[in-house]
Protein chains: 4
Amino acid sequence: MSAPGDLLDEQQELVSPATGRPLTKRGEATRRRLLEAAEAVFAEQGYHEASIVKITERAGIGLGTFYLYFDSKQTIFEALVIDLNRRVRHSMSEAMEGASSRLEAERAGFAGFFRFTAEHPALYRVVREAEFVSPETLRLHYTRIVEGYEAGLRAAQRAGDVDPQLDPAVAAWALMGMGELIGMRFLLWERDAEGRPPAEIDPVVFDAMARFIDNALAPRRGQDGDAK
Amino acid sequence: MSAPGDLLDEQQELVSPATGRPLTKRGEATRRRLLEAAEAVFAEQGYHEASIVKITERAGIGLGTFYLYFDSKQTIFEALVIDLNRRVRHSMSEAMEGASSRLEAERAGFAGFFRFTAEHPALYRVVREAEFVSPETLRLHYTRIVEGYEAGLRAAQRAGDVDPQLDPAVAAWALMGMGELIGMRFLLWERDAEGRPPAEIDPVVFDAMARFIDNALAPRRGQDGDAK
Amino acid sequence: MSAPGDLLDEQQELVSPATGRPLTKRGEATRRRLLEAAEAVFAEQGYHEASIVKITERAGIGLGTFYLYFDSKQTIFEALVIDLNRRVRHSMSEAMEGASSRLEAERAGFAGFFRFTAEHPALYRVVREAEFVSPETLRLHYTRIVEGYEAGLRAAQRAGDVDPQLDPAVAAWALMGMGELIGMRFLLWERDAEGRPPAEIDPVVFDAMARFIDNALAPRRGQDGDAK
Amino acid sequence: MSAPGDLLDEQQELVSPATGRPLTKRGEATRRRLLEAAEAVFAEQGYHEASIVKITERAGIGLGTFYLYFDSKQTIFEALVIDLNRRVRHSMSEAMEGASSRLEAERAGFAGFFRFTAEHPALYRVVREAEFVSPETLRLHYTRIVEGYEAGLRAAQRAGDVDPQLDPAVAAWALMGMGELIGMRFLLWERDAEGRPPAEIDPVVFDAMARFIDNALAPRRGQDGDAK
DNA sequence: AATGAATGAGAATTCATTCAT
DNA sequence: GATGAATGAATTCTCATTCAT
């Protein structure tokens, strides 16, 4: 269960696809600038509207230089998904650190996710578009996050904090789907008069969602260890 | 709240975008053949890989003829999404008809959704891709479905079948997100040795999801009418 | 022995590589304009300096139109070699028609070749460059011409006009090599003050070459049927 | 008549095109490694497929270093042709050394040429491709070889071994054209099952060619000294 | 002397859309 | 109504050459 995820995590030595040689300091900096530009361009224009030229211009880098670091538009897109995955998971686990109860942890995790989404609209758009650009990469992304949810749910079940009859895998995917669509509807679709998305999700909505989750997960009274 | 949905439903009189005149019998048939061909081509190849030539060839129609019926590639795509939206909602409400309890209705609704997805795995792709082709159309699609959920939840709350403290709108989006990701993970990603998706979702998964939903929606003991 | 040559001759029905459909009258005219432009551009600039844009501009045709008639630069190049081959062979056999002796026929054949070369510098350059662009096509071209020489030599041997001990195939390739290099040196490399090649080969050179050939082919005295 | 050839022969002092200064010992070694790598790469891949990176990698030298020794890709190609010209002429004159008659010398010369071709089949390609890369260099190459033929023919004419009415220049070009095409057809096009060219030209073909040449050059009976 | 990261002009190719027939 | 030849803007990718280190 950890194998596919590793692909996303291990920090392989980066090499130039053009020369096959490992990257120098300068090279790593250039690669990072390209990734940052790609994040912005893909987020704003989407995969198909984006072009290598737009990315390199945004990065302030020559067109040909792109191909010293990435094989193609698809390659940088995939690298970006992997990068975002690492960051969103980091953002979530950071937010959950120090939570003293399941409920607190849940809220903190979702809050971390929404915060990251608000700050990086790229995450949302890029990840969902990955379904049509590189399905395999999308699977890795989703799977990796779900694994974290699932492990948390299992632990909470052992602690008696979560309905023991829930299937943790199914519940994890359900939670992820919830988060995605609520984020889309109440964060990304909400715009002010100038068309800018809000800095964070409406607390009322957040609380409503929290209640939904709480209902779903909480052990039902009088059922503690007696399941099925 | 009903205005946008109407756009999806009302059967406007069809006119040729080229001449502005209403379609003849023969014209309507040609238009339908184009839509059917587009459904197949978009489903198999995705929006960007699809081309007008492929669609017209599949429809057995001259290339130029396409523009007598649709303004652009995007236009026919949008028409197709609207068509699919009508069909999936029909499939769901048909499934829910005659359910005698909230629980039964829930399960029937999701079952209808999954059945439609299993029967038209590729059509699912068209809808999700709409997010990147015509976001406005996708909003209509989602909104229209969510409205149905929401109305159902409100009614069930009034009947005391659903936790009165839940926000029906948020809960409806949560349910939709759940359905999407569970359908993707446990239906579309599951393939047999020949790479074909299963005819229906695994009943065990379905039951696990049902329990999750049931937990989320059920009124908590001792709270029945006293909330809000 | 006739199989490969046929490839050069048979007038296949022309189809568009884009649509797979046979060409209309208009289509055939466009294709011909492209071939003529390609002849000029390849001759002047060579294969690698030539570009599709240059060819279509010369033909007075839109860039995209090119791809309705040819798959690639290489494809039109090959079509051009085949076309030139047909024409130079026609030019040679026309020139040889009505020659009343071997000697006369030889001279007429080479004269036809040089005349065609002077009028179509493309022949020379395109054909020789084919060695590096499409070796297979070059083989067809050379083989087809050599077959004609060879058949002529055999007939002349039977008539007692040519040294019966000569191997007609080897002699045919020798004659072709001669013609090529003499044409290069004394026709294409000769330029007037303005850098233009002469309209025909210097008659003195032509006569010198004719003597060389005559020596090579003529039956040696007293050897007629008595070979080796 | 000797001026252009000198360009091929004189061993100019080598200077760096970058600094204009004469090469050091180490520099000369680097230059030689580049030339050897270029020979292999141009031979295997042709001029346009070859790239500076491929050459420097093969030479085990940094990319930028290339430009300390050669101005451009074309420059190193020309240097290579000149090098090969020297070697093929050396191979031919070595073969002709000690021949005791015109006939023997002729055969030896062609044998030397074919041997060189068989041993360096790919180098042959470099020379022929020069026609399209650097026509001027090819002229030098051809001219230099033809001059040797021509001088030999003149001497043989004086000795009464060659038809005095032949024009030695035209005959020399004719012989060279013959050799080229016969070498191409009967040496380079002949491949065994594994696609490798034979080690030498078929002796039967060689003899057939020799007879053709012999016919062409031999003084005709009864004409010995009376011509012109 | 040597290096290799950076550059950008230039090439091939695609395809939504137009319009004359 | 129907057709399909024609179009050209836009995109991806290559590679000879430069130059700061």
Side-chain angles (χ1 to χ4, degrees), chain A residues 16 18-19 21 23-27 29-31 48-54 56 60-74, chain B residues 16 18-19 21 23-24 26-27 30 48-57 61-76, chain C residues 16 18-19 21 23-27 29-31 48-56 60-74, chain D residues 16 18-19 21 23-24 26-27 30 48-57 61-75:
Chain A
S16 162
T19 65
R21 270 193 288 255
L23 260 42
T24 60
K25 270 270 144 51
R26 186 182 178 192
T30 306
R31 194 188 122 101
H48 286 95
E49 278 305 299
S51 73
I52 312 283
V53 172
K54 284 173 185 167
T56 51
I61 270 175
L63 168 59
T65 307
F66 177 91
Y67 292 92
L68 297 179
Y69 298 96
F70 298 96
D71 273 329
S72 63
K73 189 164 85 160
Q74 167 139 350
Chain B
S16 162
T19 64
R21 276 197 293 247
L23 298 186
T24 62
R26 185 183 173 193
T30 305
H48 288 94
E49 277 303 297
S51 73
I52 308 293
V53 168
K54 284 173 187 165
I55 292 171
T56 52
E57 270 175 2
I61 272 175
L63 167 58
T65 308
F66 176 90
Y67 290 89
L68 298 179
Y69 296 96
F70 298 96
D71 272 330
S72 66
K73 186 177 166 182
Q74 172 149 345
T75 305
I76 194 175
Chain C
S16 162
T19 64
R21 270 194 287 255
L23 261 43
T24 61
K25 268 271 145 49
R26 187 183 176 193
T30 306
R31 193 188 123 102
H48 286 95
E49 279 304 299
S51 73
I52 312 285
V53 171
K54 284 174 184 168
I55 292 171
T56 51
I61 270 175
L63 168 58
T65 307
F66 177 90
Y67 293 90
L68 298 179
Y69 298 97
F70 299 97
D71 272 329
S72 64
K73 190 164 85 161
Q74 168 139 351
Chain D
S16 162
T19 64
R21 276 198 293 247
L23 297 186
T24 62
R26 186 181 171 195
T30 306
H48 288 94
E49 277 303 297
S51 74
I52 307 293
V53 168
K54 283 174 187 165
I55 291 171
T56 52
E57 269 176 2
I61 272 174
L63 168 58
T65 308
F66 177 90
Y67 290 89
L68 298 180
Y69 296 96
F70 297 96
D71 273 331
S72 66
K73 186 177 167 181
Q74 173 149 344
T75 305

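Just so it is clear: chains get the letters A, B, ... in the order the sequence lines come, proteins before strands, and each one is counted from 1. Since the structure is predicted, the reported quantities are computational estimates derived from the model, not experimental observations. Any value given below was found using the heavy atoms of this structure, including those in side chains, with hydrogens, waters and symmetry copies removed.
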Rounded to the Å, how far apart are B:Tyr67 OH and F:dT7 P?
17 Å
Please check: side-chain N/O of A:Thr56 versus main-chain N/O of A:Ile52, any donor-acceptor pairing under 3.5 Å?
yes
Does D:Arg26 put a side-chain nitrogen or oxygen below 4.0 Å from OP1 or OP2 of E:dA2?
yes
Distance, nearest 0.5 Å, that separates CG of A:Leu68 from CZ of A:Arg31:
12.5 Å
Base, sugar-phosphate alone, or nothing: which one does C:Leu68 contact when heavy atoms must sit under 4.0 Å apart?
base
Reading DNA chain E 5' to 3', how would its secondary structure be written in dot-bracket notation, given Watson-Crick and G-U pairs with both distances under 3.5 Å, brackets [ ] for crossing pairs and | for partners on other strands?
.||||||||||||||||||||
In whole angstroms, how far is the C1' atom of F:dT17 from the CG atom of D:Asp71?
11 Å
So what does D:Thr65 hit on the nucleic acid, given a heavy-atom distance under 4.0 Å: a base, only sugar-phosphate, or nothing?
base
DNA chain E nearest-nucleotide lookup for A:Gly60 and C:Ser51: closer to the 5′ end is A:Gly60
Between D:Thr30 and E:dA2, is there a side-chain N or O to OP1/OP2 distance below 4.0 Å?
yes
Rounded to the nearest Å, what distance is computed from the CD atom of residue A:Glu49 to the P atom of nucleotide F:dA9?
17 Å
When rounded to the nearest 0.5 Å, the distance separating CD1 of A:Ile61 from CZ of A:Phe66 is 10.5 Å
What is the distance, rounded to the nearest whole Å, between atom CD1 of A:Ile52 and atom P of E:dG8?
16 Å
Using atom CZ of A:Arg21 as one end and atom P of E:dT3 as the other, report the distance to the nearest whole Å.
10 Å
For C:Lys73 and E:dT13, what is the distance between atoms NZ and P respectively, to the nearest whole Å?
9 Å
Closest approach to the side chain of B:Leu63, judged atom by atom: which nucleotide of E:dA6, F:dA6, F:dT12 is it?
F:dA6
For D:Gly64 and for C:Ile61, find the nucleotide of DNA chain F with the closest heavy atom, then tell me which residue's nucleotide is more 5'.
C:Ile61
Does a nitrogen or oxygen in the side chain of C:Thr24 sit under 4.0 Å from OP1 or OP2 of F:dG4?
no
How would you label the contact of D:Phe70 with the nucleic acid (heavy atoms, under 4.0 Å): base, sugar-phosphate, or nothing?
nothing
Nearest 0.5 angstrom please: A:Lys73 NZ to A:Lys54 NZ, how far?
8.5 Å
Does atom CD of C:Glu49 have more than 12 heavy-atom neighbours from other groups under 6.0 Å away?
no
Looking across every strand, which nucleic acid part, if any, lies under 4.0 Å from B:Ala50 by heavy atom: base, sugar-phosphate, or nothing?
sugar-phosphate
Separation of B:His48 atom NE2 from F:dT12 atom P, in whole Å?
12 Å
Please determine whether a side-chain nitrogen or oxygen atom of A:Ser72 lies at a distance below 4.0 Å from atom OP1 or OP2 of F:dC13.
no
Are OP1 or OP2 of E:dA2 and a side-chain N or O of D:Tyr69 less than 4.0 angstrom apart?
yes
B:Gln74 CD - E:dC15 C1' separation (whole Å)
16 Å
